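All figures in this text were calculated on a predicted structure; none of them were measured in a lab. Order of appearance sets the numbers: ligands from 1, and atoms from 1 within every ligand. We number each residue from 1, following the sequence as shown.
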Amino acid sequence: MTQSWRLDDGRQTIVLAAIRERLPQVIYWGAPLPATEDPGTLFAAHALDVTGGMLDENPDLSICPEAVRSFPGQPGLILRGQDGTPLLPKFCFAAEMSEANALALDYDDAENGLRYSAEIALDPDTHVLTLRSRIKASEPVHLHWLSAPVLPAPQLCDEMIDVAGRWCGEFQLNRTPWSPGIRYRENRTGRTGHEHFPGLIVPVRGATNAQGEAYAFHYGWSGGHRMIAEELPDGRRQVQFGHAARMETTAATEFQTAPLYAVYSSDGLNGCAVSFQRHLRDRIVTWAKPDRPRPVHYNCWEAVYFDHQLPVLKDIADRAAALGAERFVLDDGWFGRRDDDTSSLSDWEVDARKYPDGLDPLIRHIHRLGMSFGIWFEPEMIYPDSDLHRLHPEWALGSEDQILGRQQKALNMALPEVRDFIFGRISAILAKHDIDYVKWDHNRVLPMPDAGQTRGSYALIDRLRAAFPGVEIESCASGGGRIDFGILSRTQRVWLSDSNDALERLKMQSAAALFLPAAITGSHVGPRRCHTSGRTLDIGFRAWVAAQRHMGFEMDPRELTEREETVLREVTAWWKANRDWMMAADILRLDSADPAVIAEQQQARDGSQFVVFAGKSATSAQIAPRPLRLTRLEPDARYAVELRNRSDASQLARGAPALKTRTIEVSGNWLMHHGIVLPWSFPETMWVIEGRRL
Ligand code: DGJ
């Protein structure tokens, strides 16, 4: 060994070391090591033995494994020269820059004219590692694959958890056993996608939400990613993340990955989740007005769809404001001749048939009600049957005979003239009106993956944000099709799903909390009978599920009964009274003894208060509720614990658990090791338990 580097944040240590001039390997990543630990000894002790059937030395599992050094697994970089000849890079140390908590390393391949650079930074507060790699070439080259700096995965780990999904069913967690070979996930749809959220969790054997060791990864890129989790024949495991392969459509002299975010936790999956939640909220998202409380939204989509009538919208706005809404979002249907989803995208001018005096009368009305105004766009799209397409057929991405999505094509965002055109149209609307919010939709996948498209979308959003710094943006793509830290460095909210079904949402929100904090996760109270599932749910359940995240309404308020209005007003008032601390709280997923109960504890950063949401997603197998253990409390502190919505108890709940009638005062240890005993409840209901440290 000739070189080593180490980063520490009190919770974890990561050590890299290299033999002579070669690329370094991560030889340790986990619980903090003493400062006195000798890297040379670690390196020597980390080396694996060799037996029959093996090479005489085990090839390095470096931060960019090189095929040419006999590496038996997937290499970290695959390139071709301009004439198509495969290049087989072999790098040699060139330079380093190391600061407290950050490291930049450069390696050269003189023969092929290449420089590989890796950046690794460790945030001492959020405990998130940010890793990125870059390749520079003296002559243009074709990039097939570039991984962010490669990290090892532990061998004391039986399975990995990754995230799949679909429209109206985002954030489905999959557990897959580790086995020799690769688990390869690649999203070739050109957007982050419902199907393959770019995240991975590797729990060490025995880890749960609240305890044990776990590692987690997220790739912050909106154009589709590739993940490789590979076990080599010698047992070592590597995790690679990068853009989907072959996304770069032209030869170039420089390529880089998006940031890979990685975290180690010694207190369960929640340790990873809290790190990601805090890092996203406090480091990645740039808030338009950081001190402004998150406003309660009203979104008119499921109330009126494309049928915009001013008197109806005004009436709906009056009712939404009376229920507690603070921002009115005018969804799809206000522009062009948009009476359905077959026309008008890219024609971003107000529809004079629906709004003869423009948007001003509606906006004035909404402002008079004390609400701010937001508006929907789907900027990256065009219809084949449109004047714009006839004028500029070359602006559309993909071939003439491509399969359409929602009848539309995507614009080629890599073209500056396309970006100028959309910027002009959107900025004309934003400059003319007092608008503080844009819901930015993207309803089809691309005809093929193309990194230039994603960079173009980013550039357009960046330009609009610079021109209108007070405007917040919500990232939506048929619900949760574009959720990642890349888009979230430019936007402030995600539309998690087109499903406003509270039962589906309860599950999705719980899984999404592994990566997303409440402040950026939109959640709306939907119609009584859900439009996307056909399920009918009580207002109490719908309202409390929305109150778990950034709350809003999306039903037609004219359908609400008096009782429904009262419940919704009350839950909204509760949310407003608590949002200041809840929107900055940690979401801790609870290990529920009853699989029918999906529960989480939202806890203030200083530990002084918490709220537990215990949602009953199905009928329980056993007849009485099982105690629900809380987490991360002070063992000896005393807590006042109260069932906020005890009046919701059903008449079939006939017993006398204390929480049904009064506030209890108990220790942190009792709450964590016995657990709270809740009243019996129907499925599709939510208990809300508030706690204060005394
Ligand atoms: C898909 C979004 O996810 C919906 O919320 C809505 O905005 C529609 N598009 C509008 O077309």
### Query
Mind checking what makes side chain to side chain contact (heavy atoms under 4.5 Å, CB included) contact with Asp332, not counting sequence neighbours?
Trp301, Phe306, Phe335, Arg338, Trp376, Arg406

### Query
At their closest point, which heavy atom of Asp385 faces which heavy atom of Arg390, and how far apart are they?
OD1-NH1, 2.9 Å

#### Entry: Contact check, side chains of Phe171 and Ile483, non-hydrogen atoms, under 4.5 Å
yes

### Pairs meeting criterion side chain to side chain donor-acceptor pair (under 3.5 Å) with involvement of residues 526-536, two or more places apart
Tyr305-His531, Asp501-Ser533, Asp501-Arg535, Glu504-Arg535, Arg528-Glu564

#### Entry: Within the 4.0 Å heavy-atom sphere of ligand 1, strictly under, residues
Trp301, Asp331, Asp332, Trp376, Arg406, Lys439, Asp441, Asn443, Cys476, Ser478, Gly479, Trp495, Asp498

### Message
Run the ring-ring contact (aromatic ring centres under 6.0 Å, His included) test against His365 and tell me which residues pass, sequence neighbours left out.
### Response
none

#### Entry: Minimum heavy-atom distance between Ile375 and Val329, given as atom pair plus value
N-CG1, 4.3 Å

